[in-house]
Amino acid sequence: MPLALLALAVGAFGLGTTEFVMMGLLPDVADDLHISIPAAGHLVSAYALGVVIGAPLLAALTARLPRRRVLISLMALFVAGNALSALAPGYDSLLAARFLSGLPHGAFFGVGAVVATNLVAPERKARSVSLMFMGLTVANIAGVPVATLMGQHLGWRAAFLGVSLIGVAAMAAVFFLIHPTHAPAPTSGLRGELSALRSLPVWLALATTVVGFGALFSAYSYITPMLTDAAGYADSNVTLLLALFGVGATIGNLVGGRLADHAMRGTLFGGLLSMVAVLLLFPVLMRTEWSAALAVVLLGVAAFITGSPLQLMVMERASAGPSLASSANQAAFNLANAGGAWIGGVALAAGFGVTSPALAGAALAVLGLGVASVAYAVDRRLVVPVVGRERVVASHVPEPAETVHS
């Protein structure tokens with residue numbers, strides 16, 4: 001695998017750190033700015049809103065620019081957002097800075113995934129995407145805990161300054177490690193990018209992301225009360241257990257990338273089935289400390305097995321203009337975050353028990369299997385034989401559409 005993928009992984013590491021570190025710093029921010037914890041929680045939502053809006057918007061605005069320049073510019077916006085967060089004089093300015101920090105998130109992952117696949121042979125595309133995503137999963141093991149400790153001992157502003165430095169390192173890595181010839185300007189432009197979004201298979205792939213990862217966030221959003229109230233862990237141990245989730249996510253991401261290069265659709269279905277099984281077992285696994293720790297790891301493995309195949313499936317179904325669709329898939333991840341957390345909260349508020357969000361997640365994973373099955377059926381209907389191979393016929397695009405690998 002080319003060293004250039006390291007540059008994308010460094011950027012993903014910074015993005016993953018700043019996305020999740022706020023959750024651990026909420027009490028510190030609330031005390032310093034004299035606001036309530038629920039008000040501080042809006043800072044998490046502001047970042048997610050920035051991702052959802054920024055992913056398709058920035059991908060569209062930069063559709064004709066060289067990809068290397070786009071990646072550096074997105075990281076520059078990321079650095080600015082986190083620096084402004086560190087310097088924010090009050091709550092409103094911090095809210096705006098968090099929104100600004102979220103704007104480049106989805107576009108960086110979306111454009112970065114396209115660049116990553118251009119760096120390798122066709123049979124290694126999923127692995128290249130998984131190596132970029134590894135920066136995100138490793139952020140949960142190292143970046144978030146370290147930044148949280150910095151925030152708790154040096155002040156929460158120091159954590160955001162540290163994240164800004166990661167962004168500067170990512171800009172330098174992209175500049176020096178990714179050659180301009182490997183990340184040129186797209187030939188399709190904005191018109192081609194928009195035409196790719198008219199495809200039903202693309203929207204079904206995006207829907208699979210929303211529902212499938214909604215299953216993860218339905219459970220993960222409430223993992224702390226499960227670990228403390230059901231498994232009996234002390235609050236002080238939760239940070240270490242969340243790092244175990246990052247270990248599982250890293251394993252699942254790497255395994256999923258390797259398997260998806262051989263059978264993308266099979267890996268996706270296998271990951272979703274694993275999610276159903278793990279989440280259904282959560283009420284049992286949360287009865288003891290050792291089995292609860294195992295459940296956290298297994299949840300990370302099962303969820304992130306599907307990450308690379310979902311990203312690659314969207315890109316292949318939008319081969320006429322993959323950058324916008326790839327970025328839209330990152331917006332879909334964040335919609336899954338918000339929607340899954342809401343559904344898990346409904347189950348919890350209804351009085352079904354502290355582990356009920358996991359069961360709600362299992363139901364979402366089953367629904368995700370249903371959406372993925374519909375997507376598979378639609379793909380098969382659009383496939384016609386061409387000299388011993390299979391091609392998808394996309395009625396909205398006059399050029400030959402992508403080869404189906406699954």
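Predicted, not measured: the structure shown is a model, and the values here were computed from it.
Using modelled atom types, one finds a donor on one side chain and an acceptor on the other under 3.5 Å when comparing T18 with N82.
Using a 4.5 Å heavy-atom threshold, the side chains of R127 and V120 count as separate. Using a 4.5 Å heavy-atom cutoff, the side chains of P357 and M226 are in contact. Side-chain contact between I223 and F245 is absent, with no heavy-atom pair separated by less than 4.5 Å. Residues F304 and M134 fail the side-chain proximity criterion, which asks for heavy atoms closer than 4.5 Å. A heavy-atom distance below 4.5 Å is not found between the side chains of L227 and E289. With contacts defined as side-chain heavy-atom distances shorter than 4.5 Å, the pair L58/S327 does not qualify. L204 places none of its side-chain heavy atoms less than 4.5 Å from the side chain of D379. Under the 4.5 Å side-chain criterion, counting only non-hydrogen atoms from C-beta, L206 is not in contact with V210.
Residue-environment remark: CZ (F175) stays at or below the threshold of 12 foreign heavy atoms within 6.0 Å.
Side-chain atoms of R265 do not come within 3.5 Å of backbone N or O of M313 as any donor-acceptor pair.
The aromatic rings of F217 and F213 lie tilted to each other, with the angle between the two planes from 30° to 60°. Between F269 and Y376, the angle of the ring planes goes over 60°, which puts this pair in the perpendicular group of the 30/60° scheme.
Taken to the nearest 0.5 Å, the CG atom of L87 stands 8.5 Å off from the OG atom of S164. Distance CD1/I178 to CG/L5: 8.0 Å, rounded to 0.5 Å.
The side chain to side chain contact (heavy atoms under 4.5 Å, CB included) with L281 is formed by just one residue from the set L285, L279, V278; it is L285.
Taking the six-membered ring for Trp and the full ring otherwise, the centers of H105 and Y47 sit less than 6.0 Å from each other. No close placement of the F78 and F108 rings is indicated, their centers lying 6.0 Å or farther apart.
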